[in-house]
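Contents: one structure, followed by commentary.
This structure is a prediction, so every number in the text was calculated from the model and none was measured.
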Amino acid sequence: MNLILLGPPGAGKGTQSRLVEEKFGLMQLSTGDMLRAAKTSGSDMGKLVAKVMEKGDLVTDEIVIALIAEQLESHPDSKGFIFDGFPRTLAQADSLANLFEKKNQRLDKVIEMRVEDEALIRRVTGRFNCTVCGEVYHKDSKPSKVKNVCDNCRAVDSFIQRSDDNEESFRTRLVNYYRDTSPLIGYYHAKGLLNSIDGLLDINKTQQNILEILGA
């Protein structure tokens, strides 16, 4: 089973990807994770990625698709893949479809996580995470049980907020999403693959809705 989670930044795609990955034994493919792993791998592709990133250039779609192809080839017995943060554009969606065709694989479901803009801004500008273990918190909906102490790893004074988790930066990210990525909603709807859910629900309810779509 191969899945794509779609939605604006802050919709909760990463959290739900990890939950679905655990539930079904899928392999999560995050563009950022793949690029970081490739950069330090020492492979020919990794050296190319490192060179591009060190120059400050954007990694091309061709390189990302090549990295995805490597993952498909190196995990032939995988139960499937879940894509988080890719594709971001119509061109990337076409490239991914072509790759699946070449590898005799298919995309089974695309799940759109819908969240109203102002609610997203409140969600994103209030979140922070532990720099030691990565646990994510929110000042309103998920504060730590003890102030300045991580519930998960018990680290003290380890919390930090992403530099772009402010309203001005986030609105810019939203504009980029609506310009580049939201056209994928119509693209996958036309292919009969799109399923939409309310991304504002709590984590467990959102997961339940996703599992219902996946027939679990």
Side-chain angles (χ1 to χ4, degrees), residues 1-9 11-53 57-113 176-177 179-197 199 207 209-216:
M1 177 167 58
N2 295 311
L3 311 171
I4 290 173
L5 286 189
L6 275 181
K13 299 184 298 297
T15 297
Q16 293 301 326
S17 291
R18 289 189 292 273
L19 294 173
V20 173
E21 178 185 23
E22 293 171 5
K23 176 73 175 180
F24 292 95
L26 305 181
M27 182 174 180
Q28 182 183 5
L29 293 183
S30 164
T31 304
D33 290 344
M34 284 190 295
L35 290 173
R36 284 188 287 272
K39 184 179 177 181
T40 59
S41 68
S43 67
D44 290 341
M45 180 59 67
K47 292 175 182 176
L48 176 59
V49 169
K51 183 177 180 180
V52 171
M53 294 177 73
D57 294 336
L58 292 176
V59 177
T60 64
D61 290 352
E62 289 77 14
I63 290 176
V64 176
I65 286 292
L67 291 174
I68 293 172
E70 280 188 353
Q71 293 295 323
L72 297 182
E73 292 166 2
S74 60
H75 298 87
D77 298 325
S78 172
K79 295 180 180 179
F81 299 86
I82 180 165
F83 292 84
D84 169 22
F86 188 90
R88 293 182 185 273
T89 66
L90 291 171
Q92 291 177 354
D94 280 337
S95 296
L96 184 61
N98 292 335
L99 175 62
F100 274 145
E101 185 175 355
K102 291 177 183 177
K103 301 297 182 182
N104 294 316
Q105 297 212 35
R106 69 177 187 183
L107 180 61
D108 296 287
K109 300 281 185 182
V110 176
I111 299 176
E112 176 205 4
M113 299 178 65
N176 293 337
Y177 169 78
R179 181 191 63 208
D180 300 330
T181 307
S182 65
L184 293 176
I185 295 170
Y187 175 92
Y188 285 120
H189 174 74
K191 288 178 173 288
L193 295 171
L194 186 72
N195 300 267
S196 297
I197 63 171
Q207 183 188 24
N209 289 341
I210 291 175
L211 294 180
E212 288 175 0
I213 290 171
L214 301 180

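- The side-chain heavy atoms of V59 and L67, taken from C-beta on, include no pair separated by under 4.5 Å.
- Counting heavy atoms from C-beta on, the side chains of I65 and E62 never come closer than 4.5 Å.
- A pairwise comparison of heavy atoms in L184 and A93 identifies CD2-CB, 3.6 Å as the closest pair.
- The shortest distance between side-chain heavy atoms of R88 and D180 does not fall below 4.5 Å.
- Distance check: H75 NE2 to M27 CE gives 3.5 Å after rounding to the nearest 0.5 Å.
- Residue I4 comes nearest to F86 through the heavy atom pair CG2-O, 4.1 Å, listed as atom of the first residue, atom of the second, then distance.
- Here the closest heavy-atom approach between residue L6 and residue P87 is recorded as CD2-O, 4.4 Å.
- In this structure, Y187 and V110 have side chains that are not in contact, with every pair of non-hydrogen atoms separated by 4.5 Å or more.
- The line from CD of Q105 to CE of M1 is 12.5 Å long, rounded to the nearest 0.5 Å.
- Considering CG of L99 and CG of L107, their distance stands at 11.5 Å, rounded to 0.5 Å.
- Among N209, L211, I210, the single residue meeting the side-chain contact (heavy atoms from CB on, under 4.5 Å) criterion with Q207 is L211.
- The shortest non-hydrogen separation linking K47 to G42 is CE-O, 3.3 Å.
- D108 places a side-chain N or O within donor-acceptor distance of the main-chain N or O of N2, the cut-off being under 3.5 Å.
- Between K79 and F24 there is no side-chain heavy-atom pair separated by less than 4.5 Å.
- Between the side chain of K109 and the backbone N or O of L5 there is no donor-acceptor pair closer than 3.5 Å.
- Annotation: side chain of F81 is in contact with side chain of L72 (closest heavy-atom distance under 4.5 Å).
- You'll find the side chain of I111 stays beyond 4.5 Å of the side chain of V20, heavy atoms only.
- Between the side chain of N195 and the main chain of L193, a donor-acceptor pair closer than 3.5 Å is present.
- Tested against I197 for a side-chain contact (heavy atoms from CB on, under 4.5 Å), the candidates E112, E212, M113, Q16 yield a single pass: M113.
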* To do: Decide side chain to side chain contact (heavy atoms under 4.5 Å, CB included) for L29 and I82; before the verdict, give the C-alpha distance in whole Å, the side-chain angles of both, and the deciding distance to 0.1 Å.
  => CA-CA 6 Å; L29 293 183; I82 180 165; over 6 Å; no

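- From L48, atom CG reaches atom CD1 of I63 across 4.0 Å, with rounding to the nearest 0.5 Å.
- Shown here are the side chain to side chain donor-acceptor pair (under 3.5 Å) partners of N98, two or more places apart in sequence or in another chain: there are none.
- In terms of heavy-atom proximity, G7 sits nearest to K13 at O-NZ, 3.0 Å.
- To the nearest 0.5 Å, atom CG of residue L35 and atom CE of residue M45 are 10.5 Å apart.
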